[in-house]
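Sequence lines set the chain letters: A, B, ... in the order given, protein chains first and strands last, and positions in each chain run from 1.
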2 protein chains.
Amino acid sequence: MGSEDKLLKWICRFTAITAFFLIGFIIGWFARPSTVNHGHVSKSFLHDFLDEMQAENIKHHLRKFTRLPHLAGTQQNLDLAEQIRAEWMEFGLDSVELVPYDVLLSYPNQTNPNYISIVDHLGNEIFNTSLAEPVPEGYEDVTDIVPPYSAFSAKGQPEDELVYVNYGRTEDFFKLQRELGINCSGKIVIARYGKIFRGNKVKNAMLAGAKGIVLFSDPADYCADGVEPYPDGWNLPGGGAQRGNVLNLNGAGDPLTPGYPAKEYTYRSGLEDAVGLPKIPVHPIGYHDAVHLLHKVRMNVHTNHQVTRIYNVIGWIRGAVEPDRYVILGGHRDAWVFGGIDPVSGAAVVHESVRAAGKLIKKGWRPRRSLIFASWDAEEFGLLGSTEWAEDHARVLQQRAVAYINADSAIEGMYTLRVDCTPSLHTLVYDITKKVSSPEEGEEGMSLYQSWHKRDNSTERDAPRISKLGSGSDFEAYFIRLGIASGRARYTKNRKTERYSSYPVYHSVYETYEIVERFYDPSFRRLEAVARVRGGLIFSLADSLVLPLDCVEYALSLTKYANSIHQLALKHPAALQKYSVSFDSLFSAVENFTVAAGDFHQRLDQLDTSNALAVRMVNDQLMYLERAFIDPLGLPERPFYRHIIFAPSSHNKYAGESFPGIYDALFDIENAVDQQKAWDEVKRQISIAAFTVNTAAETLKPAGN
Amino acid sequence: MGSEDKLLKWICRFTAITAFFLIGFIIGWFARPSTVNHGHVSKSFLHDFLDEMQAENIKHHLRKFTRLPHLAGTQQNLDLAEQIRAEWMEFGLDSVELVPYDVLLSYPNQTNPNYISIVDHLGNEIFNTSLAEPVPEGYEDVTDIVPPYSAFSAKGQPEDELVYVNYGRTEDFFKLQRELGINCSGKIVIARYGKIFRGNKVKNAMLAGAKGIVLFSDPADYCADGVEPYPDGWNLPGGGAQRGNVLNLNGAGDPLTPGYPAKEYTYRSGLEDAVGLPKIPVHPIGYHDAVHLLHKVRMNVHTNHQVTRIYNVIGWIRGAVEPDRYVILGGHRDAWVFGGIDPVSGAAVVHESVRAAGKLIKKGWRPRRSLIFASWDAEEFGLLGSTEWAEDHARVLQQRAVAYINADSAIEGMYTLRVDCTPSLHTLVYDITKKVSSPEEGEEGMSLYQSWHKRDNSTERDAPRISKLGSGSDFEAYFIRLGIASGRARYTKNRKTERYSSYPVYHSVYETYEIVERFYDPSFRRLEAVARVRGGLIFSLADSLVLPLDCVEYALSLTKYANSIHQLALKHPAALQKYSVSFDSLFSAVENFTVAAGDFHQRLDQLDTSNALAVRMVNDQLMYLERAFIDPLGLPERPFYRHIIFAPSSHNKYAGESFPGIYDALFDIENAVDQQKAWDEVKRQISIAAFTVNTAAETLKPAGN
């Protein structure tokens with residue numbers, strides 16, 4: 001072998017060795033996992049998770065949780081909390097705890113019942129309203145059914161002529177006073193339920209100077225056409241009445257500890273300084289009783305305030321990669337009586353989500369972020385359990401909470417899906433509903449999205465309608481006070497054709513398991529669909545590498561809201577000119593936000609998803625976007641409503657108002673005594689809104705200038 | 001060759017190939033950098049950075065920036081802002097911007113001067129105080145020296161007997177009213193400067209019903225023993241007087257836009273609703289004039305309020321690894337006249353820090369986190385520039401700011417270092433001062449730590465004294481409103497032997513370059529030492545992998561403060577018993593915090609520093625710890641003071657008070673009219689403090705429950 005050959009051979013060997021080394025190097029390089037955990041293929045787990053939630057199980061949970069009343073503050077509701085804790089642990093959560101608070105509740109006096117009577121000219125009670133609702137079949141032996149009452153009513157026995165105030169809305173009182181010249185001052189008023197939150201009716205009555213208010217369920221509002229009263233149908237029987245609290249808390253939580261959790265050591269104000277308690281007696285009646293009351297009446301209200309221990313159940317799945325990022329699914333457990341719809345149709349869905357998540361955990365899955373499941377107490381008494389927990393953990397929630405999904409009643413009608421959420425969740429809601437099947441008969445193979453789209457199209461685009469969040473359920477403190485992206489989903493009625501209020505048996509003793517099983521969802525596939533929507537939302541939020549929050553959708557909504565509030569102001573062209581009121585700063589801010597959101601979205605496309613810190617930084621911007629809309633100074637007179645884009649309407653807690661500060665400043669402005677001052681306030685609110693939108697835009701820009 | 005041989009050969013080849021592959025794989029595996037960037041060895045860069053800051057340069061900056069007056073809102077101060085912007089860009093910052101706000105300022109009327117006169121019984125002015133200070137040598141041709149005045153004084157010409165109120169402290173007025181029976185109502189009062197912030201004196205005078213207040217510099221407070229008046233020494237000449245604002249803003253920033261940045265589009269309240277403006281005339285005089293005023297006087301105050309544009313200069317170095325984490329070095333630029341000490345001794349130090357950082361940037365260094373350098377405007381008018389910028393960027397600062405280091409006057413005495421900071425910075429301050437040399441002659445080879453320790457030992461342990469932050473400088477909004485870990489450092493006098501107030505020429509025309517160069521720091525090594533302390537702090541905060549914040553130190557301080565406030569309460573043993581006031585919940589909370597901090601510290605030792613997300617999560621907990629002490633509801637009547645552990649004293653803005661809510665509730669409680677109500681407020685404040693400390697402890701626990 002010549003030396004050239006040898007050289008050649010060595011070159012070959014060297015080349016081969018180098019080649020193999022290189023191959024090894026390259027494989028070694030790429031084999032090493034980057035710090036970002038792609039270890040679990042989430043997509044298939046999402047599918048598994050959705051499939052795991054089954055109608056039959058939800059039915060079983062509903063049945064189990066509705067056998068007995070479980071009013072907040074009672075032994076039954078503590079028992080139920082303990083049962084849920086035990087089952088959640090069994091399902092496989094990492095930890096579950098009972099979290100107590102001592103809050104102000106309100107119960108009827110057990111020996112001195114509440115009722116309304118018609119009195120004759122001698123003061124004799126010649127007719128008394130019922131002391132209780134006729135108990136539905138099968139529940140005759142159940143004790144501890146609280147009779148219909150207005151929680152937190154003042155005590156009292158006022159006696160006077162009755163003035164009918166329609167729904168007791170702001171506009172109803174305006175009409176009475178301004179057009180009809182009827183003065184409610186010193187009178188007892190009677191309002192029918194519906195349209196707005198009952199607490200707003202009571203507040204309006206107080207503002208009008210009434211000394212008492214009777215609330216009644218009108219068949220026009222609580223009976224659907226062609227439907228029989230329960231048990232033959234799902235309408236409200238004439239003997240049924242709607243319980244409910246009549247507070248005006250404006251987000252304060254426990255009336256005695258506003259801003260702070262009601263712990264054992266917490267200072268409590270006296271009742272005279274409590275937040276939101278009505279100063280007048282309030283009592284609810286059914287329509288069988290209501291027809292009698294067109295005379296002089298006497299109210300007899302003996303309801304007691306009482307500091308009472310309540311219990312939230314809080315369950316955790318620790319996140320695998322970012323345990324310090326929290327996604328919350330929360331709904332209340334307490335019910336006025338059995339809670340067949342409100343809240344157990346929702347609580348059963350949460351229960352099934354926990355079971356399904358536990359199943360996956362046992363298979364080795366663990367979400368990227370932490371999941372928190374909450375069974376709130378005392379929602380019916382003013383969102384107390386959820387608000388106290390939010391107050392208790394405000395610091396960590398502000399820093400760590402990605403999203404809050406609410407799980408109150410999962411069904412209130414038989415027609416289609418209803419979703420209210422923050423704009424940044426729009427896209428995820430559409431994505432998830434495309435992965436869920438329609439529960440409707442005859443729609444096999446159709447997605448829930450398609451079924452929903454077909455039934456309730458948005459007025460703005462070719463997609464199903466999604467609405468703003470109002471209040472009246474447990475998301476309030478999370479969304480409006482803390483600025484955590486929030487949403488809710490449930491099955492609902494046909495908004496165009498079904499004109500009754502909420503659902504007829506709402507807050508009556510007739511909210512049973514049977515009403516769901518017989519009428520609302522015999523196959524339980526509607527509840528299953530709602531379970532999969534709620535579950536799919538929290539799964540995606542907890543497990544996606546990049547948070548599925550869409551700031552471009554927020555920009556679109558802001559544009560819409562800015563136009564809408566501007567339109568409202570344009571009804572006063574002369575004043576706008578006289579007081580130099582301009583919306584330019586707001587439109588300019590919305591434009592800034594739109595540009596920032598678009599740019600952010602573009603940068604997202606170029607994100608190096610293998611860079612754990614880069615992903616975290618982008619996710620922090622997405623997570624904190626909702627927080628940027630929070631103004632620590634709060635809205636005027638409503639320090640705990642701090643979201644500048646959304647707040648419950650000042651005239652109806654259930655409804656959401658966009659740019660609420662400006663809206664309230666414009667409300668009825670033509671009747672303001674000091675026009676200069678009133679329009680100054682409009683200008684101030686525009687300035688606050690513009691600043692807030694600008695500052696939110698800033699959070700979306702690249703960090704470090 | 002037999003087949004065995006062949007096989008052997010193949011095995012050999014295969015083994016070799018495999019071996020090389022493996023070698024390649026292993027090298028490839030380890031060659032790949034993990035996501036955590038250890039690329040720059042920070043320690044040596046810290047050394048380089050500290051060394052780069054040099055006395056000679058600081059001297060040069062100080063000389064350059066003190067040639068002309070640069071009062072907030074003037075063309076000179078805008079020119080200086082532009083000069084600083086240009087130089088910072090040249091030094092190598094990534095970006096530098098001028099950020100304007102339009103805030104309420106206050107200037108003397110140029111044609112109608114302010115003065116105090118003695119009037120005879122006919123109303124003739126028989127003596128008038130000086131209209132200006134004698135201008136120091138070398139500055140005779142300088143125009144635009146604003147005469148001594150009290151910024152934001154009300155206009156007016158009240159005339160009456162003069163009542164001497166000593167320092168005008170709360171206790172001085174108590175003594176006058178309660179012990180001496182002297183009524184100030186309707187009188188003009190005269191108070192000597194010193195002990196407390198002048199705004200508190202004015203507030204006290206208003207509360208006492210005075211119709212005007214004269215402030216004077218007493219030689220007892222503004223002349224050191226054995227020192228000549230300027231220019232022969234550093235004492236205040238008899239013709240000198242102390243300018244200064246007399247607001248009671250309580251952290252609101254611009255009086256017309258509390259809570260919001262004073263941008264062009266921002267709504268401004270009318271003067272009648274402005275925050276913190278005194279309702280009475282105020283005017284400052286020197287001691288030569290003061291000796292004449294023991295008669296009936298007339299005040300002549302014609303000062304104007306005026307919305308004026310101010311400019312902050314904001315410079316950025318973008319962080320290499322975590323650009324979304326901000327470390328801020330900020331100090332003001334505006335001065336009453338030349339600002340030789342206040343603020344330019346500080347501004348020159350900031351300038352040198354920027355130059356040194358720029359030098360390192362040019363060498364290829366870049367800090368892990370972003371650095372922000374700020375030259376604030378209108379500090380002298382109520383911390384306006386810094387507060388407006390804090391309001392403007394509150395959202396991103398809340399989410400991203402790691403720490404704020406303040407850079408006002410770097411020297412106020414010739415004795416040793418003085419540091420006020422949040423407890424979590426104690427350890428870092430000690431560490432940095434051990435790396436800096438003593439600037440004192442005869443202490444070659446001694447560290448600043450040793451020199452400081454020798455001169456001013458803590459009363460609690462064997463280490464130099466570090467104090468609480470009060471207010472009166474630009475850290476206020478960052479620390480007390482937003483809850484960003486903050487600190488300040490400067491050279492100071494001997495607290496035990498030098499009894500004069502601040503430094504004698506404070507806020508007079510005699511604060512020149514020469515007073516520093518001749519008396520305070522002829523070698524400029526004291527300023528160099530301060531530069532290295534401030535610079536070392538921001539360098540370490542921006543560049544350390546794990547944030548150098550120490551929560552165990554916070555626990556120690558909380559324990560001390562809890563004991564101290566408890567001791568104060570124990571002065572009322574009967575009331576504590578009668579009203580069932582207990583500090584148990586506070587002590588229990590402090591204990592919880594102490595345990596959580598200890599546990600956190602232990603976990604820190606086991607931190608996998610190669611796990612980028614694990615490091616980020618721990619750093620988030622450290623960063624957000626200070627934030628946890630912020631209560632969005634603020635302190636009673638002081639909505640912008642929101643830190644539950646620290647606030648400026650209600651009786652002296654310059655001093656810091658720990659547990660200020662409890663302290664204020666206890667203050668003078670024995671004289672409260674409604675004892676029940678007063679003690680209820682103490683209980684409420686204890687409850688708030690306990691909750692806040694508990695919630696801060698929660699943030700230190702492992703995330704994800």
Part of Gln398(B) lying under 4.5 Å from any heavy atom of chain A
neither
When you measure from the side chain of Ser687(B) to the backbone N and O of Tyr267(A), does any donor-acceptor pair fall under 3.5 Å?
yes
Toward chain B, the part of Gln621(A) with a non-hydrogen atom under 4.5 Å:
side chain
Segment of Tyr624(B) engaging chain A (4.5 angstrom heavy-atom cut-off)
both
Below 4.0 angstrom, N of the basic side chain to O of the carboxylate: do Arg318(B) and Asp324(B) qualify?
no
Examine whether an atom of Glu391(B) lies under 4.5 Å from a heavy atom of chain A, and if so say whether it belongs to the side chain, the backbone or both; otherwise answer neither.
backbone
Measuring heavy-atom distances to chain A, does Ser370(B) have an atom under 4.5 Å in its side chain, in its backbone, in both, or in neither?
side chain
Chain A heavy atoms under 4.5 Å from Thr699(B): which part of the residue, side chain, backbone, both or neither?
both
Heavy-atom distance under 4.5 Å to chain A: side chain of Glu322(B), backbone, both or neither?
both
Do the side chain of Lys683(A) and the main chain of Tyr579(A) share a donor and acceptor less than 3.5 angstrom apart?
yes
Most contacts with chain B, counted as non-hydrogen pairs under 4.5 angstrom, among Pro323(A), Gly259(A), Ala690(A), Ser585(A)
Pro323(A)
Under a 4.5 Å heavy-atom cutoff, which of Thr695(B), Asp680(B), Asn694(B) has the most pairs with chain A?
Asp680(B)
Under 3.5 Å, side chain of Asp273(B) to main-chain N/O of Arg268(B), donor-acceptor pair present?
no
What part of Arg325(B) is in contact with chain A, defined as an atom under 4.5 angstrom from a non-hydrogen atom: side chain, backbone, both or neither?
side chain
Please answer whether the main-chain N or O of Leu371(A) pairs with a side-chain N or O of Tyr326(A) as donor and acceptor at a distance below 3.5 Å.
no
Lys/Arg-Asp/Glu bridge criterion (N-O < 4.0 Å) met for Glu681(B), Arg684(B):
yes
Given the options Asp102(A), Asp254(A), Asp392(A), Lys263(A) meets salt bridge (charged side-chain N to carboxylate O under 4.0 Å, His left out) only with Asp392(A)
Residue from Gly319(B), Pro639(B), Pro261(B), Pro632(B) scoring the most non-hydrogen pairs under 4.5 Å with chain A is Pro261(B)
Contact class of Pro258(B) relative to chain A, heavy atoms under 4.5 angstrom
backbone
Do the side chains of Arg627(A) and Asp620(A) get close enough for a salt bridge, i.e. N-O under 4.0 angstrom?
no
In terms of heavy-atom pairs under 4.5 Å, which option from Thr692(B), Asp94(B), Ile688(B) contacts chain A the most?
Ile688(B)
Interface moiety of Asp631(B) toward chain A, non-hydrogen atoms closer than 4.5 Å:
both
For chain A, find which of Glu264(B), Glu97(B), His393(B) contributes the most heavy-atom pairs closer than 4.5 angstrom.
His393(B)
List in chain and number order the residues that pass side-chain contact (heavy atoms from CB on, under 4.5 Å) with Ile630(B), two or more places apart in sequence or in another chain; answer none if no residue qualifies.
Arg642(B), His643(B)
Side-chain donor/acceptor of Arg369(A) to backbone N/O of Val321(A), under 3.5 Å:
no
With a 4.5 angstrom heavy-atom cut-off, which part of Ser95(A) approaches chain B: side chain, backbone, both or neither?
side chain
